[in-house]
Every structure is written in structure tokens, then in C-alpha cells.
2 protein chains.
Amino acid sequence: MFELDMRSGEPIYEQLVYQFKRLIIEGVMEVDEKLPSVRDLAGQLTVNPNTIQKAYRELEAEGYIYSVKGRGSFVQQREEQSNTAKIEEMKKRMFPLLREAFYLGMTREELEEIIRDANGGMDDD
Amino acid sequence: MFELDMRSGEPIYEQLVYQFKRLIIEGVMEVDEKLPSVRDLAGQLTVNPNTIQKAYRELEAEGYIYSVKGRGSFVQQREEQSNTAKIEEMKKRMFPLLREAFYLGMTREELEEIIRDANGGMDDD
DNA sequence: TTAACTGTATTATTTATCATAATACAGTTT
DNA sequence: AAACTGTATTATGATAAATAATACAGTTAA
């Protein structure tokens with residue numbers, strides 16, 4: 001399904017969160033599509049089921065999936081209206097990165113190109 | 001000089017790195033200006049000197065400061081030409097964030113506003 | 001109904017990282 | 001020479017990540 005870097009220092013469960021977000025955002029996984037079961041994925045990736053569980057819990061908390069006991073975990077429908085609180089948090093995460101980018105000599109054109117790349121390839125509204 | 005959040009979970013040395021980057025990027029600290037000595041800053045912030053040392057080592061590795069044994073640590077001259085490798089790394093850090101931003105319903109206008117904000121207030125070339 | 005699947009929770013253990021602490025060494029400044 | 005600088009090393013405690021072993025509850029399908 002995807003790759004994990006065991007020696008990167010980045011926690012496995014965070015890698016899982018990131019990878020599933022990517023699949024959901026890119027539309028590779030569709031709404032209500034079932035994610036692998038906790039035990040299955042743990043077996044496939046040879047990591048502990050608790051690690052998978054932690055990742056799923058985080059994805060559920062962030063609204064990317066929903067879990068039903070006995071049935072499984074599924075891709076959540078994206079909310080229609082723009083979530084102001086989340087956007088504010090996003091701004092805070094992005095700001096220092098942009099500051100550093102400009103400092104390193106990145107031009108506005110280079111940035112806008114990244115933005116275009118990031119906006120492309122999405123299943124738009 | 002700045003504040004540290006001891007209970008945020010973010011490592012102290014990373015907070016130090018971030019804060020010094022900010023001061024350098026914003027031009028509050030000028031080129032060749034001396035940073036506080038490892039022991040001084042440790043005393044001021046009541047943290048261990050080793051923690052300061054770790055932050056300075058990181059800042060030096062990223063090219064923000066240079067250290068001279070016996071003399072101190074100083075703000076590094078910014079490189080003139082745009083550092084391609086660093087910009088590539090910056091793109092990789094920024095891309096998933098932008099993807100998520102769009103997914104959460106952030107508009108291109110909102111993003112461009114952040115970019116303007118981030119680009120303003122810098123001592124430009 | 002029963003067996004095999006789901007998510008969820010708990011407790012214990014190991015490992016790695018962060019931070020502190022106490023030194024020591026080498027170079028610079030006054 | 002004394003007091004400052006950065007740098008390195010070793011040890012210790014605290015915390016988070018990951019593993020491991022169970023257990024419980026709800027769902028699905030034979």
C-alpha cells in the first residue's frame with residue numbers, strides 16, 4: 001500500500017497518518033471506502049497493531065476517517081464549508097516555513113508554482 | 001530575549017532553533033552579531049548548557065550561524081545565490097501542507113495572503 | 001448460533017530521545 | 001594568569017514510541 005521508513009526518526013504512526021491523508025486527499029481512496037483492518041495492516045507492515053490503532057485514532061480525531069466497532073474504519077466525507085479553525089491552524093504552521101523559504105532566496109514565482117502543483121491533481125468541488 | 005514553552009512537548013532545543021531563525025530572518029539580529037554564550041543563555045533561560053549547545057550546533061549545520069572556539073557564535077552571512085538543494089527540501093516540506101490546506105477548503109486567495117504576509121517585514125535584497 | 005472477523009482498551013516492557021548534571025579540554029580575550 | 005569562549009564525554013532521570021500479550025464488545029457470514 002505504501003512505504004514506511006523505520007530509521008527516519010519520524011514515528012511510524014505519524015508516517016501512517018501522513019500516508020493515509022495523502023491517499024484520501026488525492027482521491028485514491030474514495031469516501032466510505034474501507035481501510036485495512038488494524039490487524040491486517042499490522043501484519044502487512046510487520047508493525048504492532050497498537051501502532052496502527054494510534055494512527056487510525058489520530059485520523060479519526062482529525063476528521064479524515066470514521067471507525068465503527070466490529071465493522072472497520074472508513075474514509076470520511078469531507079466537510080462542505082471551509083473549517084475556519086483548521087485553516088487558522090494551517091496558517092500558523094505555514095507561516096514560519098514561508099518565512100524561511102523567502103530567506104533562503106525562494107522567489108514568489110517558485111512558491112506560486114508549488115501552490116499550482118499542490119492544487120492540481122485534486123478531485124475538485 | 002524570547003520565550004520558551006516548557007510544557008508544549010516541542011523540544012527546547014528546537015524552540016531555540018526556531019526563535020533564532022526568526023530573529024535572523026527578520027533582521028533583528030545582524031550579520032556577524034554575537035549570539036549569547038552557551039553558558040550565559042543557559043543561565044538566563046535556566047536550561048542546561050548542553051541544550052543550548054545542541055541548538056547552536058543545529059543552527060550552524062543549517063548555515064544560520066558560525067561558531068569559533070574561544071570567541072563565540074555569530075550570525076552567518078546569507079548566501080547570495082538561491083540554494084537549490086535547500087529550496088528543493090523546502091518544497092518537500094511545504095507540499096503536503098499545501099495539499100492539506102486545499103483539502104480543508106482553503107482558497108488560493110487565502111494562501112496568497114499568507115505569502116504576502118510572510119514576504120512582508122523582511123529586509124529585502 | 002457459532003466462528004471469525006472488526007475496533008477498542010489495558011498493562012507491562014523495551015528502546016530511543018530529551019534534558020540535566022558534572023567534568024574536562026582547547027582556544028581567545030583582557 | 002584569570003576569565004571567558006566553544007566543544008566533547010559520560011552518566012542519570014523522564015518521557016514518548018513501539019512492541020507484546022490479553023481482553024472485551026460489536027459485526028458479519030457460514
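Here the structure is a predicted model, which is why all the values come from computation and not from measurement. In what follows, chains are A, B, ... by sequence order, proteins preceding strands, each numbered from 1.
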For [X] and [N], give me the distance from atom [atom1] to atom [atom2], rounded to whole Å.
X     : N      : atom1 : atom2 : value
A:L41 : C:dT6  : CG    : C1'   : 14 Å
B:N48 : D:dT9  : CG    : P     : 16 Å
A:E10 : D:dA18 : CD    : C1'   : 15 Å
A:K34 : C:dC5  : NZ    : P     : 12 Å
A:Y56 : C:dA9  : OH    : C1'   : 18 Å
A:K69 : D:dC24 : NZ    : C1'   : 8 Å
A:I12 : C:dT15 : CD1   : P     : 15 Å
A:E58 : C:dG7  : CD    : C1'   : 17 Å

B:E100/A:K86 salt bridge by N-O under 4.0 Å criterion: no
On the nucleotide [N], are OP1 or OP2 found under 4.0 Å from the side-chain N or O atoms that [X] carries?
X     : N      : value
B:R71 : C:dT29 : yes
A:Y13 : D:dA17 : yes
B:S67 : D:dT5  : no
A:T51 : D:dT19 : yes
A:K54 : D:dA18 : no

Aromatic ring pairing A:F20/A:Y56, orientation class (parallel under 30°, perpendicular over 60°, tilted between): perpendicular
- prompt: What is the nucleic acid contact for A:E14, judged by heavy atoms within less than 4.0 Å: base, sugar-phosphate only, or nothing?
  reply: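 No contact at all - A:E14 keeps every heavy atom at 4.0 Å or more from the nucleic acid.
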- request: Mind checking the CD-CD1 spacing from A:E30 to A:I24? Nearest 0.5 Å is all I need.
  value: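 Here the interatomic distance stands at 12.0 Å.
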statement: Output for pair (A:N119 CG, B:M106 CE), nearest 0.5 Å, gives 12.0 Å
- prompt: Choosing from C:dA9, D:dA18, C:dG7, which nucleotide comes nearest the side chain of A:Q53?
  reply: C:dA9
- prompt: Are any side-chain N or O atoms of B:Q53 and backbone N or O atoms of B:V38, one a donor and one an acceptor, separated by less than 3.5 Å?
  reply: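 Between the backbone of B:V38 and the side chain of B:Q53 there is no qualifying donor-acceptor contact (under 3.5 Å).
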query: Does A:R39 make a side-chain donor-acceptor contact with the base of C:dG7, cut-off 3.5 Å?
result: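 Check passes, donor-acceptor contact within cut-off.
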query: Between A:N50 and A:V68, which has a closest nucleotide on DNA chain D that is more 5'?
result: A:N50
